[in-house]
Amino acid sequence: MNKKSIASPFKKFLKTESASGILLLAATLLALIWANSPFRDSYSALWDYKIGFKSEHLELYKPLILWINDGLMAVFFFLIGLEIKREFLIGELNSTKKLAFPLFGALGGMLFPVLFFILLNEDPETAHGWGVPMATDIAFSLAVLNTLGKRIPLSLKVFLTAFAIVDDIGAVLVIALFYSTSIDITLISIAIGLLAFLYFIAHKGFYSHYVTFMFGAVIWVLFLKAGIHPTVAGILMAFAVPIRQKAHTPEFLANLSQIMDNIKNAKVSPKPILSKEQINEIDNLDHWIEDYQSPLQLLEHKLHDIVAYAIIPIFALANAGVLIIDSNTHLDSSLIIHIALCLVLGNSIGITTVITTVKKLKIIEVPKEINGQHIVGVSFLAGIGFTMAIFIASLAFAKSPEFLGSAKIGVLLGSLISAIIGYIILRLNKSDNEEEELSTTS
């Protein structure tokens, strides 16, 4: 497989993420304007409106914002799980050599912001927010990176994508281990049993979208009621989706050719309907298409646009509306500053320091086209925490509205500063093409 065939789908992915980043920014601005306008009451009333159902044995009656944060975001995490599984099996994380570069970068980008927060924070009531500045938003960061065009080598974009995936794994573990409430062992045991059954039948070659969806809904409810954040169920469900193909390209093409011949030779109905022979061949075609497609790749392809263009912008609209211009609003300025500093300095110092150190120790090999200025610039872009950072903040300060509002402002401020600094550093970095043009001119 040549480099062009690998780069094309990746470039398409980058375009989707960049467009998603722009839509995410628009939703964020709309939320901020709405929440601080004369119509602010309607903003709060919309997301606080309770919907669901109640019965004698089960109650799922929650405010709309929780259906978004617990329900829609479970789909987001399911997609992340699919991406993680694909990357580990056949992608940019499928070997020690490929994994080392983004892994060490992600470790620096997670550990240093947490360390900075612990050192800066002096209020025991806000100590639970240590996980907020450790997450990177891939949509926003890639959107900024893409505005720089040919100045940025493709390998740097691959690094940022792989880095964000490793970072997501860390964030999911933090959510599961530190931001879940008291756990009901019975319910979680049932959920794990159902997951184990799905893994087993997938391993044996059986997979059905319908079975996965039904089991997923039950497992999501069990996680919710057990006290573990249900988005974790989304990640775990993804690993039950197989990546294998039942039919490979030569076999598929041979059968496709046979089906085409059979359709050509089949009796043609004079009415605007298919003949019985044609219907049978279409059924055969559906069968071979299903066997030819990887279930994981198909789901990832179907969900990517839904998540990028609907779920993430809706999440931003529901969560980014922080009341700022109101004398009655109590904000914690220290928390705002600490989170912003941790996003900006924690990521930039942490990633640059760790990558530089392990590179000198020859533990990792950095692609030749990526220079030191690229690493520094991307380390600042990693401070764009938005989606995951706000999500963790909503868990950390769920019972403290004033701290939650302050944390969100800190995330928005830190992300904005990180984006600007990262963009400037990368913008000032001369690409190989520009250097060649300058040398030719002189």
Open item on the list: Are there over 12 heavy-atom neighbours, none belonging to F213, within less than 6.0 Å of that residue's CZ?
Closed with: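 No - once you tally the heavy atoms of other residues, nucleotides and ligands closer than 6.0 Å, there are 12 at most.
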
Task: Flag if over 12 foreign heavy atoms under 6.0 Å of CD, E59 - done: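 Yes, because the 6.0 Å sphere around CD of E59 holds more than 12 heavy atoms from other groups.
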
Any donor-acceptor N/O pair, [X] side chain to [Y] backbone, under 3.5 Å:
X	Y	result
S275	V268	no
W67	L72	no
Q245	Y292	yes
S379	V376	yes
W220	D70	yes
K85	F239	yes

Any side-chain heavy-atom pair of [X] and [Y] under 4.5 Å:
X	Y	answer
F315	I390	yes
N347	F380	no
M388	T136	no
N265	E277	no
W288	I259	yes
I235	T231	no
L46	L64	yes
M110	D167	yes

So how far is it from [X] [atom1] to [Y] [atom2], rounded to the nearest 0.5 Å?
X	Y	atom1	atom2	result
I351	I375	CD1	CD1	9.0 Å
Q278	I273	CD	CD1	9.5 Å
F39	I33	CZ	CD1	12.5 Å
E281	D261	CD	CG	9.5 Å
S269	L274	OG	CG	8.5 Å
F252	Q293	CZ	CD	8.0 Å

Counting the benzene-type ring for Trp, do [X] and [Y] have ring centres under 6.0 Å apart?
X	Y	value
F391	H229	yes
W34	Y43	yes
H128	F178	no

Open item on the list: Working note: F101 + V166, criterion side chain to side chain contact (heavy atoms under 4.5 Å, CB included); need CA distance, chi angles, decisive distance, verdict.
Closed with: CA-CA 11 Å; F101 184 24; V166 176; over 6 Å; no

Work out which heavy atom in [X] is nearest to a heavy atom in [Y]; give both atom names and the distance.
X	Y	answer
P295	V241	C-CG1, 3.8 Å
L413	A340	CD2-CB, 4.2 Å
L79	H304	CD2-CA, 3.9 Å
N371	H374	OD1-N, 2.8 Å
L23	P313	CD2-CG, 3.6 Å
I392	A171	CD1-CB, 4.4 Å

TODO: Mind checking side chain to side chain contact (heavy atoms under 4.5 Å, CB included) for I90 and listing every partner two or more places apart, or none if nothing turns up?
DONE: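 Only R86, I243 meet the side chain to side chain contact (heavy atoms under 4.5 Å, CB included) criterion with I90.
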
Under 3.5 Å, which donor-acceptor pairs link side chains of residues 188-202 to any protein atom two or more places apart or in another chain?
| residue | atom | partner | partner atom | Å |
| --- | --- | --- | --- | --- |
| S189 | OG | I185 | O | 2.6 |
| Y199 | OH | L236 | O | 2.7 |

Task: D184 and K225 ion-paired at < 4.0 Å - done: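 Looking at K225 together with D184, the answer is no, because their closest N to O distance does not fall below 4.0 Å.
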
Task: Worked check of side chain to side chain donor-acceptor pair (under 3.5 Å) between N255 and N284 - done: CA-CA 9 Å; N255 282 280; N284 287 336; over 6 Å; no

Task: Axial cation check for Y61 ring with K54, 6.0 Å and 45° limits - done: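 Yes - K54 lies over the ring of Y61, closer than 6.0 Å to its centre and within 45° of its axis.
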
Open item on the list: Side chains of N262 and Q258: any donor to acceptor distance under 3.5 Å?
Closed with: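 Yes, side-chain donor-acceptor contact under 3.5 Å.
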
Open item on the list: Looking only at side-chain N and O atoms, does T387 offer a donor or acceptor that is under 3.5 Å from a partner on D137?
Closed with: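 T387 and D137 do have a side-chain donor-acceptor pair below 3.5 Å.
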
Open item on the list: Evaluate H287 against D291 for side chain to side chain donor-acceptor pair (under 3.5 Å), listing each step before the verdict.
Closed with: CA-CA 6 Å; H287 165 75; D291 284 355; 3.2 Å; yes

Using distance only, find each side-chain donor-acceptor pair of residues 354-367 under 3.5 Å and give its atom names and separation, not counting sequence neighbours.
| residue | atom | partner | partner atom | Å |
| --- | --- | --- | --- | --- |
| T356 | OG1 | T352 | O | 2.6 |
| T357 | OG1 | T353 | O | 2.7 |

- [ ] Could you walk me through whether F386 and L412 pass side chain to side chain contact (heavy atoms under 4.5 Å, CB included), step by step?
- [x] CA-CA 7 Å; F386 199 78; L412 293 172; 3.2 Å; yes

- [ ] Could you please spell out the steps behind the side chain to side chain contact (heavy atoms under 4.5 Å, CB included) verdict for L82 and Q297?
- [x] CA-CA 8 Å; L82 295 175; Q297 185 183 37; over 6 Å; no

Open item on the list: Could you go through E369 and S155, starting from their C-alpha distance and side-chain angles, then the distance that decides it, and tell me whether this counts as side chain to side chain donor-acceptor pair (under 3.5 Å)?
Closed with: CA-CA 8 Å; E369 62 269 25; S155 57; 2.9 Å; yes

TODO: Evaluate the side chain to side chain contact (heavy atoms under 4.5 Å, CB included) criterion for residues Q373 and L426: first the C-alpha distance (whole Å), next the side-chain angles of each, then the deciding distance (0.1 Å), finally the verdict.
DONE: CA-CA 7 Å; Q373 196 166 336; L426 293 171; 5.9 Å; no

